[in-house]
Amino acid sequence: MSSTYAEIYKSWKSEPEKFWEEAAAGIDWFSRWESVFDPNLDVYGRWFSGATCNTCYNCVDRHADGGRTDQPAIIYDSPITGNQRTITYSQLKTEVQALAAAMRERGVNKGDRVIIYMPMIPEAAIAMLACARLGAIHSVVFGGFAARELATRIDDCQPKLVISASCGIEPGRVIAYKPLLDEAIELASSKPNATIILQREQNTCDLIDGRDFDYEAVVDPHRKSGTKIECVEVASTDPLYILYTSGTTGQPKGVVRDNGGHMVALKWSMKAIYDIDPGEVYWAASDVGWVVGHSYIVYAPLLHGSTTILFEGKPIGTPDAGTFWRVISEHNVVSLFTAPTAFRAIKKEDPNGEFIKKYDLSKFRTLFLAGERADPDTIHWAEEKLGVPVYDHWWQTETGWTIAGNPVGLGALPVKYGSPTVAMPGYDIQVVDDEGHQVQAGTLGNVVVKLPLPPSCLPTLWNAEKRFHEAYLEEFPGYYKTSDAGIIDEDGYLFIMARTDDIINVAGHRLSTGGMEEVIASHPDVAECAVIGVADKLKGQKPVGFMIINSGVSKDESEIEKEVVALVREKIGPVAAFKTAIQVPRLPKTRSGKILRATMQKIADGMEWKMPATIDDPAILDEITEAMKSRGMV
Ligand code: COA
Ligand code: AMP
């Protein structure tokens, strides 16, 4: 099939409102919009203003009450616990209503915030949908974050209720969530009124009388009596959720997602980008704590009437590197979306793809990769061993869906390895120099998107409009700054090369080195520090800290390192994957005192580097190189 992409992109560009109005026909609305796009509303305009809708209705009720009553909506497959469970659309409707009823009994109403701190179990998705049903705003927090990170999010969004589980399960260990939640509530100055806790048999927990409620005890009576909770009518522009993501400081940014625009963009993407039909089985192997999990484990497949896989496991070790192929063949998955790091892990464990040969993958059509740069080696390996096309696509928590990708449903474009392909309708992507002038094709620069952003993209940051301006809109007026550096070639293909800020990408997880530096600097023996992301074969990048120890400290170097590593794990969480802190006598700086992190990173990665003209003392870079050598890094 030849691609209609160019034509469709052109039609969007010439009449953007017509394009999105047509896409909006894929959604059931309570009342229609006054304008498809109102440029005068809020920061840069709003989509479908005046319309009312409900996201849960579109994800659940219209399928449960339509032709998909007995079709599986969610297939939970948990190799880590040995459990499986299929939930049809009609069962999902019952479950969501029962939880929504229990939430309403605890005072949750339209506009209230609810934090969801849960592992990869169906109740996490049910909780998200129950919030959407009530018009409440959820904020899902990834299980690998520590209590302090959870507390920061509680204080920022001030939830009325927290929904959690007694534990999460990682290979070889059970993580008790309740002590983390208790500590977070203790640390936070804003206290939720109540919690609802799902007890898991692997590790049950004590509940505090009057504050904590057992999930089954409060939900089951409603399940049994079939309590009906209506889908609350919300404005298209009302927030559906807040998802915190790493910024340049320890204070995460609360990305706000609306209801209407989000549904329109996600529904459109399922066919146009992923080439999925309603009724087919689609699998995003991510976590509901990340944006990929929000958009492509929960909302998009359900909006589309597909079946989604909720997988509680890892690409390797649960029990082996064949687990992905088992899931695909057992549940007839047609399309998998995951991070390249998962494939690097599988490739390392099973380089010849022996496990792949054991399963019937005849229904499997396409592999999509995102979350970090897809290295050509990984793509080649996956293409060769799986015998299906592999497509990279680039997006951010801020957008909620693809900025640049290969729209398979419109007819796939030729792949250029290392490129996520081209701008999706809705995005006018440009590459500009530091003064904001567009650069020539093939030249590296700042990747920006001309305003307005398309439906689903963040209208602002939660309670932080000034930060929204500063972080995204100020540097290049009229454009959204992606903070990625890249190239557009003469064919319009985009190549994403690196972040322009201090965000690093570890195993597809977005982390702030600034946030880690804040924690390390709080250690009483540390005078100063810098954290950089060093290239890693498996995880893409890994954080490495360099620290100057206060004079007069007599502790052993390795003891301080252990303490610092433990401190980052305690304050940020295991997900930071922070394992190396190297003591150095000095840090390289410019004459104005800025630490030369980019140069340090180039040295660590064995890349070519130039002595910065503004460096204060060039000898320090030799010291740093020696310190890296002593740890086998270069
Ligand atoms: N709850 C608690 N701890 C968690 C966690 C969770 N939900 N997720 C990860 N962790 C812990 C891990 O157990 C690990 O702890 P450790 O230091 O004790 O070993 C630590 O956080 C780092 O995790 P991670 O970086 O994920 O490494 P890993 O060694 O556990 O697994 C991969 C490596 C590549 C297999 C794994 O990262 C992976 O599957 N990545 C896919 C990434 C992804 O889906 N990204 C979403 C964007 S699409
Ligand atoms: P997150 O908000 O966690 O999705 O992380 C977004 C960041 O991850 C982007 O700004 C990029 O730096 C990086 N990223 C995501 N997808 C890709 C991709 N396909 N290619 C290169 N970088 C990517």
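Just follow the structure's listing: the first ligand is 1, and inside any ligand the first atom is 1. Reckoned from all heavy atoms, side chains included, excluding hydrogens, waters and symmetry mates. For the single chain, residues carry numbers from 1 onward in sequence order.
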Are Arg344 and Glu372 ion-paired here, with the side-chain N under 4.0 Å from a carboxylate O?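 Yes, Arg344 and Glu372 are salt-bridged.
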Polar side chain donor-acceptor pair, [X] to [Y], under 3.5 angstrom:
| X | Y | result |
| --- | --- | --- |
| Tyr479 | Gln430 | yes |
| Tyr76 | Glu123 | no |
| Asn406 | His393 | no |
| Asn446 | Asp433 | no |

Pull out every atom of ligand 1 sitting under 4.0 Å from any heavy atom of [X], numbered as shown with elements.
| X | answer |
| --- | --- |
| Gly144 | 1 (N), 2 (C), 3 (N), 4 (C), 5 (C), 6 (C), 7 (N) |
| Ile175 | 2 (C), 3 (N) |
| Pro315 | 35 (C), 39 (O) |
| Lys314 | 8 (N), 9 (C), 30 (O) |
| Thr341 | 34 (C), 40 (N), 41 (C), 42 (C) |
| Ser286 | 44 (O), 46 (C), 47 (C), 48 (S) |
| Val575 | 21 (O) |
| Ala507 | 25 (O), 37 (O), 40 (N), 42 (C), 45 (N) |

Suppose we screen for ring pair (Phe, Tyr, Trp, His ring centres under 6.0 Å). Which residues come up paired with Tyr177, at least two apart in sequence or across chains?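 Result, ring pair (Phe, Tyr, Trp, His ring centres under 6.0 Å) vs Tyr177: Tyr117.
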Of the listed options ([options]), which comes nearest to [atom] when hydrogens are ignored and any heavy atom counts?
| atom | options | value |
| --- | --- | --- |
| atom 23 (C) of ligand 2 | Trp395, Phe495, Trp394 | Trp394 |
| atom 20 (N) of ligand 2 | Gln396, Arg373, Arg499 | Arg373 |
| atom 45 (N) of ligand 1 | Gly371, Ala284, Gly508, Ala345 | Gly508 |
| atom 16 (P) of ligand 1 | Lys348, Glu372, Lys542, Arg569 | Arg569 |

Could you go step by step and tell me if Tyr241 and His294 meet the ring-ring contact (aromatic ring centres under 6.0 Å, His included) rule? CA-CA 9 Å; Tyr241 70 75; His294 280 63; 4.5 Å; yes
Which residue and non-hydrogen atom of the protein lie closest to [atom], and at what distance in Å?
| atom | result |
| --- | --- |
| atom 2 (O) of ligand 2 | Thr397 OG1, 2.5 Å |
| atom 48 (S) of ligand 1 | Val292 CG2, 3.6 Å |
| atom 16 (N) of ligand 2 | Gly371 N, 3.1 Å |
| atom 22 (C) of ligand 1 | Pro574 O, 3.5 Å |
| atom 18 (C) of ligand 2 | Glu372 O, 3.3 Å |
| atom 9 (C) of ligand 1 | Glu170 OE1, 3.4 Å |
| atom 5 (O) of ligand 2 | Arg510 CD, 3.5 Å |
| atom 10 (O) of ligand 2 | Asp484 OD2, 2.5 Å |
| atom 8 (O) of ligand 2 | Asn505 ND2, 3.3 Å |

Beyond-backbone contact of [X] with [Y], side-chain heavy atoms, under 4.5 angstrom:
| X | Y | answer |
| --- | --- | --- |
| Ile328 | Arg326 | no |
| Met270 | Ser306 | yes |
| Val141 | Glu149 | no |
| Arg200 | Tyr215 | no |
| Ile276 | Val334 | yes |

Counting only nitrogen or oxygen atoms and a 3.5 angstrom limit, does [X] reach ligand 2?
| X | answer |
| --- | --- |
| Thr482 | no |
| Glu398 | no |
| Ala374 | no |

Counting both backbone and side chain atoms, is some N or O of [X] under 3.5 Å from an N or O of ligand 1?
| X | value |
| --- | --- |
| Lys539 | yes |
| Trp290 | no |
| Thr338 | no |

Can you tell me if [X] has a non-hydrogen atom under 4.0 Å from ligand 1?
| X | value |
| --- | --- |
| Phe142 | yes |
| Lys579 | yes |
| Val506 | no |
| Gly168 | no |
| Ala285 | yes |
| Arg173 | yes |

Quick check: Tyr427 with Trp401 (ring centres under 6.0 Å apart)?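 Yes.
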Classify the ring geometry of Tyr274 against Tyr282: parallel below 30°, tilted from 30° to 60°, perpendicular beyond 60°.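 Geometry flag for Tyr282 against Tyr274: perpendicular rings.
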Looking at Tyr472, is Lys481 sitting on its ring face, NZ or CZ under 6.0 Å from the six-membered ring centre and within 45 degrees of the normal?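 So Lys481 doesn't make the cation-pi contact.
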Numbering as shown, the atoms of ligand 2 that approach Asp392 to under 4.0 Å (heavy-atom distance):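 Within the 4.0 Å cut-off of Asp392, ligand 2 contributes 18 (C), 19 (N).
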For Ile496, counting its heavy atoms only, list the atoms of ligand 2 lying under 4.0 Å from any of them.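 This gives 21 (C), 22 (N) as the contact atoms.
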Would you say atom 36 (C) of ligand 1 touches the protein, meaning some protein heavy atom is under 4.0 Å from it?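 Protein heavy atom within 4.0 Å of atom 36 (C) of ligand 1: absent.
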Any protein heavy atom sitting closer than 4.0 Å to atom 32 (C) of ligand 1?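 Looking at atom 32 (C) of ligand 1, one finds that no protein heavy atom lies closer than 4.0 Å.
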With a 3.5 Å distance limit and no angle check, can you tell me whether [X] reaches the backbone of [Y] through a side-chain donor-acceptor pair?
| X | Y | result |
| --- | --- | --- |
| Gln601 | Val534 | no |
| Asp375 | Thr378 | yes |
| Arg257 | Glu398 | yes |

Per-pair distances, 0.1 Å, donor-acceptor, side chain in residues 449-465, under 3.5 Å, sequence neighbours excluded:
| unit_1 | atom_1 | unit_2 | atom_2 | d |
| --- | --- | --- | --- | --- |
| Ser456 | OG | Thr399 | O | 2.7 |
| Trp462 | NE1 | Asp156 | O | 3.4 |

Could you walk me through whether Arg467 and Glu474 satisfy the salt bridge (Lys or Arg N to Asp or Glu O under 4.0 Å) test, starting with their C-alpha distance in whole Å, then the side-chain angles of each, then the deciding distance to 0.1 Å, before giving a yes or no? CA-CA 10 Å; Arg467 191 174 181 197; Glu474 239 168 57; over 6 Å; no
Interatomic spacing from CD1 in Ile379 to CG in Asp392 - rounded to 0.5 Å: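 CG of Asp392 is found 5.5 Å from CD1 of Ile379.
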